[in-house]
Amino acid sequence: MRGFPSERETRLKSRGMGRVTRTSADSQSTCTWRRRTGSTSTRHQEIAALVSSINPSLNHALDSVEMGLIQQELLWLFYDHGHLSKYPMAMSNLGDCEEINPTNGRQSAEAIFLEAVASVRTHYGGQHVYPFTFLGGFYFRQKQFHKALTAWRQAAEAISHFNYNREDEEVYKEFHEVIHEHLPRMFKECPSLGEEEAVLQELIFFLDHICLWEEGSITAVIHINWADDLVSILSRFGWNVRRKFRFQQQLPQIDEDEQDGSEVVVVETTFVPLKSSKFSSFAELLTTEKFSTAAIKLQLTAHSSVQSGRKRGSGAVKPAEPAAAGMGVVMGERSSKRLKS
């Protein structure tokens, strides 16, 4: 089969968080999820899952044009007949196809990604992480960094409903890629992000939910390489930004002007409600004038031993997505691997 021309290969290499591939090994964990949730699927949804699992890759950097187009056409066929409305992972794959090869007269890739996210919220209680990471990756590639950060925060919120274990290796890689590659690149390309309170607030919520994912889990999530990258990012925010946040109910901060002791300046603060015990225990370190890198790293890498009593997938979860051999998996089970460009 023909591969992508060089310009399309270059595009794939520059995208990061690229196309998702499936392996038949996923089917066993998918069936396990179905037994846990009691979910059922129609025959059309099962076939759509098989189509979604098509891997058009010829190698790590080259996709087959013909196979990619076949997958795209078939996904549109299932979409038009309403068989993807409760299958956000397949819808996200369709959005991925449309980003690479837009179809005239069809919805934009962004619209499809947003529809997949809406399906997650409507049918699965917001507890399916991959549509959020697809959306975040899309915005990141479009250099819409604020929207990308919001999508990643929502992905972290989705994963926080679960306890981490070794079956979550692939979703772990998703967040590792965000922290280790995408966030540093964002701040390198747009240093002014470090001056925005809204950006810091999204990062705080993102980190809080990652800590909540770890909380009560047997295995630690945040290792030293995660902590190094996270602290490096947080340190980009000056004290003038960091001191405007508070994590406990307290009175507004009052500072005396250095030049005129009689002048009193009230610093408006934003209260940020935290959910994880781990982050709550050291969040105030972020608001100190001197940013204590070593102390924050130490706290981040301490494995949370708090047992919250949560079960994997606990909460008001609606039935999981339709399952079939090789399809993508709802959170809490082994997921498919994205090819890194």
Side-chain angles (χ1 to χ4, degrees), residues 16-17 129-130 132-134 136-137 139-140 145 148-189 193-194 199-237 242 245 247 272 274-288 291-306 308 310 312 331-332 334-335 337-338 340:
M17 299 187 73
V129 72
Y130 285 107
F132 294 106
T133 58
F134 265 101
Y139 283 135
F140 175 77
F145 295 140
L149 189 56
T150 297
W152 290 330
R153 186 260 299 164
Q154 292 168 340
E157 184 176 359
I159 198 65
S160 70
H161 293 283
F162 300 83
N163 292 338
Y164 174 71
N165 69 22
R166 293 180 180 178
E167 292 182 355
D168 298 328
E169 178 184 0
E170 297 304 330
V171 73
Y172 179 95
K173 291 178 181 178
E174 291 282 339
F175 287 108
H176 182 271
E177 185 178 38
V178 170
I179 293 170
H180 185 66
E181 298 179 19
H182 299 321
L183 289 178
R185 182 176 164 187
M186 272 176 46
F187 281 88
K188 182 178 180 180
E189 294 189 14
L193 292 173
V199 172
L200 179 55
Q201 184 168 333
E202 290 283 27
L203 283 171
I204 289 171
F205 281 130
F206 174 82
L207 181 53
D208 183 44
H209 284 111
I210 293 295
C211 290
L212 192 60
W213 181 27
E214 179 187 78
E215 196 166 285
S217 302
I218 298 175
T219 307
V221 172
I222 302 177
H223 298 285
I224 186 61
N225 57 340
W226 283 49
D228 287 340
D229 294 323
L230 287 167
V231 170
S232 175
I233 292 165
L234 292 172
S235 67
R236 294 175 181 268
F237 295 88
R242 291 186 285 107
F245 290 87
F247 307 97
V272 180
L274 300 177
K275 295 183 178 180
S276 71
S277 299
K278 180 175 184 177
F279 193 32
S280 299
S281 67
F282 69 90
E284 295 297 335
L285 292 175
L286 297 178
T287 64
T288 58
F291 189 81
S292 182
T293 300
I296 294 176
K297 281 185 182 180
L298 183 63
Q299 294 290 335
L300 279 172
T301 53
H303 179 204
S304 174
S305 59
V306 176
S308 62
R310 294 180 298 118
R312 292 181 61 78
M331 292 316 309
R334 183 172 302 149
S335 58
K337 181 178 180 182
R338 292 173 183 263
K340 300 300 186 290

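Scope of the values below: all heavy atoms of this structure, side chains included, with no hydrogens, waters or symmetry mates. The structure presented is a predicted model; accordingly, all values stated were derived computationally and were not measured.
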query = Do the ring centers of H161 and W213 come within less than 6.0 Å of each other?
reply = no
query = Going by distance alone, is a donor N or O of one side chain under 3.5 Å from an acceptor N or O of the other, for N225 and H176?
reply = yes
request  = Report the C-alpha separation of E174 and F134 in whole Å, then their side-chain angles, then the decisive distance to 0.1 Å, and conclude whether the side chain to side chain contact (heavy atoms under 4.5 Å, CB included) test is met.
outcome  = CA-CA 10 Å; E174 291 282 339; F134 265 101; over 6 Å; no
Ignoring hydrogens and angles, write down the donor-acceptor pairs under 3.5 Å from the side chains of residues 291-300, residues two or more places apart or on other chains.
residue : atom : partner : partner atom : Å
K297    : NZ   : D228    : OD1          : 3.0

task = Report yes if some heavy atom in the side chain of L183 is under 4.5 Å from a heavy atom in the side chain of D229; otherwise report no.
result = no
key: Side-chain ion pair, R185 and E181, N-O less than 4.0 Å   = no
request  = Examine distances only and state if a side-chain atom of E215 and a backbone atom of S277 form a donor-acceptor pair shorter than 3.5 Å.
outcome  = yes
request  = Rounded to the nearest 0.5 Å, what's the gap from NZ on K275 to CG on L212? Could you check?
outcome  = 7.5 Å
ask   = Under the side chain to side chain contact (heavy atoms under 4.5 Å, CB included) criterion, do E214 and Y164 qualify, and how do the steps go?
value = CA-CA 6 Å; E214 179 187 78; Y164 174 71; 5.7 Å; no
request  = Step through the shown structure and confirm whether more than 12 heavy atoms of other residues, nucleotides or ligands are within 6.0 Å of CD1 on I218.
outcome  = no
inquiry  = Using only atom types and a distance under 3.5 Å, with no angle test, would you say the side chain of D208 pairs donor to acceptor with the backbone of L274?
reply    = no
ask   = Can E177 and K173 be counted as an ion pair, charged N to O under 4.0 angstrom?
value = no
note = Rounding to 0.5 Å, atoms CZ (F245) and CD (Q201) come to a distance of 5.0 Å
task = Output, in order, the C-alpha distance, side-chain angles, deciding distance and verdict of side chain to side chain contact (heavy atoms under 4.5 Å, CB included) for F206 and E157.
result = CA-CA 7 Å; F206 174 82; E157 184 176 359; over 6 Å; no
request  = Any chance you could measure L234, atom CG, to L286, atom CG, to the nearest 0.5 Å?
outcome  = 6.0 Å
task = Taking salt bridge (charged side-chain N to carboxylate O under 4.0 Å, His left out) as the test, write out the residues that go with R236, two or more places apart.
result = none
ask   = Looking at CZ of F132 and CD of Q154, how far apart are the two atoms once the value is rounded to the nearest 0.5 Å?
value = 5.5 Å
message = Let's go through L200 and L193 carefully: what are the C-alpha distance in whole Å and the side-chain angles of both, what is the deciding distance for side chain to side chain contact (heavy atoms under 4.5 Å, CB included) to 0.1 Å, and is it a yes or a no?
response = CA-CA 8 Å; L200 179 55; L193 292 173; over 6 Å; no
message = Using 0.5 Å steps for rounding, measure from the CZ atom of F205 to the CD1 atom of I210.
response = 14.5 Å
Side-chain heavy-atom pair I222, C211 within 4.5 angstrom cut-off = yes
query = Taking only residues two or more places apart in sequence, or in another chain, which ones meet F237 in a ring-ring contact (aromatic ring centres under 6.0 Å, His included)?
reply = F187
For R242, all residues meeting side chain to side chain donor-acceptor pair (under 3.5 Å), sequence neighbours excluded = none
task = Compare every heavy atom of V129 with every heavy atom of A155, then report the nearest pair and how far apart it is.
result = O-CG2, 3.2 Å
Close side-chain approach of W152 to E202, heavy-atom, < 4.5 Å = no
message = Taking H209's backbone N and O only, do any of them form a donor-acceptor pair with S160's side chain (distance below 3.5 Å, no angle check)?
response = no
key: Residues which pass ring-ring contact (aromatic ring centres under 6.0 Å, His included) with H223, listed by chain and number, not counting sequence neighbours   = none
key: Qualifying residue for side-chain contact (heavy atoms from CB on, under 4.5 Å) with Y172, from V221, I159, T219   = V221
inquiry  = Tell me if the centroids of the rings in F145 and Y139 come within less than 6.0 Å of each other.
reply    = no
query = Who passes ring-ring contact (aromatic ring centres under 6.0 Å, His included) against F279, sequence neighbours left out?
reply = F282
inquiry  = Using side-chain heavy atoms (C-beta onward) and a distance below 4.5 Å, is V171 in contact with T133?
reply    = no
request  = Could you tell me whether F175 and W226 have their ring centroids closer than 6.0 angstrom?
outcome  = no
